[in-house]
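Here's the structure we're looking at; comments come further down.
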2 protein chains.
Amino acid sequence: MAPTRTRIQTRNRETILAAGLTVFSGQGFRGATLDEIARQAGLSKPNLLYYFPSKEAIYTELLEGLLDTWLDPLRALDPSGPALEELLAYVERKLSLSRDFPLESRLFANEILQGAPQIGKILSSDLKALVDEKAAVIKIWADDGQIAPVDPHHLIFSIWSLTQHYADFDVQVRAVLGKADPFPGAEAHLEQVFRRILTP
Amino acid sequence: MAPTRTRIQTRNRETILAAGLTVFSGQGFRGATLDEIARQAGLSKPNLLYYFPSKEAIYTELLEGLLDTWLDPLRALDPSGPALEELLAYVERKLSLSRDFPLESRLFANEILQGAPQIGKILSSDLKALVDEKAAVIKIWADDGQIAPVDPHHLIFSIWSLTQHYADFDVQVRAVLGKADPFPGAEAHLEQVFRRILTP
DNA sequence: ATACGATTTGACCAACTGGTCAAACCAACG
DNA sequence: CGTTGGTTTGACCAGTTGGTCAAATCGTAT
């Protein structure tokens, strides 16, 4: 059963996780320090370690809590829905995650970039299984002629890539565009792009 | 004028930069250590610091040396060439960089992810200028009807995103696909995708 | 109020960090 | 051979790192 927690425990664990998200997403696991996380959280370092047994525990809990949220949009892809609309809705849900949770996106990107030492196993088991399942759905849609023929796995990679780019490379995108919020333009562009890719 | 260098200097500086590339691209700037770079290079730590004044100097030299190579494919986009072929060739050049220089790609990705503390300035000056120039070319092509209408800046972002994904998220791609080299599939997929996006 | 467990912290530690320095080493040229 | 300048290193340093611990403080149920 889940451990019983006091109000204070719940609040402080959340504060710490929020601070950890900020620091880990900007520095990666090795580059982040407990002192910095403690400062961000407004707690003393020993106090952090009263709520979490180690630096790694904070990081792991963040990543695992994140993964579900991150895959929900793909899970929601409905095999019985209209193919094109389902895929466009998936793109939009994924882009919304980038807009609303950029830190989470960068945390994940950092982990993968550094070789996925913590979640590598999960990627090749759970994630692979989910992707294979949804790729099969996409293949059926393509074979049916509901969408243009396309490699289902690479299509999924393309969706991930294009949507997460706006969170992960935010600094670059803004530097090139000037100061403007890139998301309105991104959304219109991506809808247009995927319509052209997928329309039979 | 460029500093005169002995044979040993040239060789050791290259060894150090190669080691630095490996370590920085896997850990980011803060996460990397001089000890680890020295170990990778097969040199002692004080010896590293005989060739470079600081950790940051190694990192900066790597990044700056990289940036030119990284932007060459975009520079080579020829306004007088046939639009679709030019853009498809650009995609292929960019994908080749991902295949042949994945460490360089990840080093760059790490720098951007962490807020581009070293090259932020260059992004909003040189990079922005280059992108604006090439975006204007693409706009003309679209207005001419040589390619389908598309937001030029976001098109460039899409090319960067889709091609670099296979280097930066290599671990994830391989985990999902199984062990296979993803690049042959990626190349065919991306050509198909950009043909559909750009064909008028 | 008081007693109890939950919470917080200052002091501390060993390992590691980027970096320094003087001394040793080495290659090549006269 | 010897000297000279480039090269290498062991010993060292001050600051930082993740983590520990006993003692102090707090909250609250009685």
Side-chain angles (χ1 to χ4, degrees), chain A residues 1-64 107 110-111 114 117-118, chain B residues 1-64 107 110-111 114 117-118:
Chain A
M1 56 181 165
T4 306
R5 294 205 177 111
T6 67
R7 260 180 258 97
I8 293 180
Q9 274 168 2
T10 307
R11 171 172 43 84
N12 280 350
R13 283 178 56 92
E14 266 166 35
T15 305
I16 292 168
L17 287 173
L21 175 62
T22 304
V23 178
F24 283 129
S25 72
Q27 310 276 13
F29 178 73
R30 290 222 47 194
T33 72
L34 284 181
D35 286 289
E36 176 71 12
I37 297 174
R39 233 174 37 81
Q40 277 273 334
L43 298 173
S44 67
K45 186 168 59 167
N47 206 3
L48 281 203
L49 294 162
Y50 173 72
Y51 291 102
F52 290 88
S54 69
K55 178 186 176 184
E56 195 176 337
I58 303 176
Y59 184 69
T60 301
E61 182 145 336
L62 272 172
L63 265 188
E64 287 178 1
L107 181 74
N110 251 307
E111 166 73 6
Q114 314 199 346
Q118 307 285 329
Chain B
M1 58 182 164
T4 306
R5 293 206 178 108
T6 68
R7 261 181 256 99
I8 294 181
Q9 274 169 3
T10 307
R11 172 173 41 85
N12 280 350
R13 283 177 57 89
E14 267 166 36
T15 306
I16 292 168
L17 287 173
L21 175 61
T22 304
V23 177
F24 282 128
S25 71
Q27 310 276 11
F29 178 72
R30 290 221 46 196
T33 71
L34 283 180
D35 286 287
E36 176 72 12
I37 298 175
R39 233 173 37 81
Q40 277 273 334
L43 298 173
S44 68
K45 185 168 61 168
N47 206 4
L48 280 203
L49 294 162
Y50 173 72
Y51 291 102
F52 289 88
S54 68
K55 178 187 176 184
E56 195 176 336
I58 303 176
Y59 185 71
T60 302
E61 182 144 337
L62 273 173
L63 263 189
E64 287 178 1
L107 180 76
N110 250 307
E111 166 73 4
Q114 314 198 347
Q118 307 284 330

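Below, each value reflects all heavy atoms present in this structure, side chains not excepted, and no hydrogens, waters or symmetry copies. Numbers restart at 1 for each chain; the letters A, B, ... are given by sequence-line order, proteins then strands.
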Measuring only between side-chain heavy atoms, which start at C-beta, is B:Arg11 closer than 4.5 Å to B:Ile8? yes

Run the side-chain contact (heavy atoms from CB on, under 4.5 Å) check on A:Phe52 and A:Leu17 step by step: do they pass? CA-CA 10 Å; A:Phe52 290 88; A:Leu17 287 173; 3.8 Å; yes

Close side-chain approach of B:Phe29 and A:Gln27, heavy atoms under 4.5 Å: no

Any A:Arg30 side-chain nitrogen or oxygen under 4.0 Å from OP1 or OP2 of C:dT17: yes

For the pair made of CZ in A:Phe52 and P in D:dT20, what is the distance, rounded to whole Å? 15 Å

Heavy-atom side-chain contact between B:Tyr59 and B:Glu64 under 4.5 Å: no

When the distance from NZ of A:Lys55 to C1' of C:dC16 is rounded to whole Å, what number comes out? 12 Å

Output one line per pair: protein atom, nucleotide atom from nucleotides 2-12 of chain C, and distance, for all N/O pairs under 3.5 Å.
unit_1, atom_1, unit_2, atom_2, d
C:dT7, OP1, A:Thr6, OG1, 2.4
C:dT7, OP2, A:Gln9, NE2, 2.5
C:dT7, OP2, A:Tyr50, OH, 3.2
C:dT8, OP2, A:Asn12, ND2, 3.0
C:dT8, OP2, A:Asn47, OD1, 3.4
C:dT8, OP2, A:Asn47, ND2, 3.4
C:dT8, OP2, A:Tyr51, OH, 2.5
C:dT8, O5', A:Asn47, ND2, 3.3
C:dT9, OP2, A:Ser44, OG, 3.3

In whole angstroms, how far is the P atom of C:dT17 from the CD atom of B:Glu56? 18 Å

Measure from CG on B:Leu34 to C1' on C:dG18 and round the result to the nearest Å. 6 Å

Using whole Å, what does the distance between atom C1' of nucleotide C:dT17 and atom CG of A:Asp35 come to? 14 Å

Is B:Tyr51 close to B:Ile58 at the side-chain level, that is, under 4.5 Å between some pair of heavy atoms? no

Going by heavy atoms in the side chains, are A:Asn110 and A:Gln114 under 4.5 Å from each other? yes

Under 4.0 Å between any heavy atoms, over every strand shown, what does A:Ala32 touch: base, sugar-phosphate, or nothing? Just pick one. sugar-phosphate

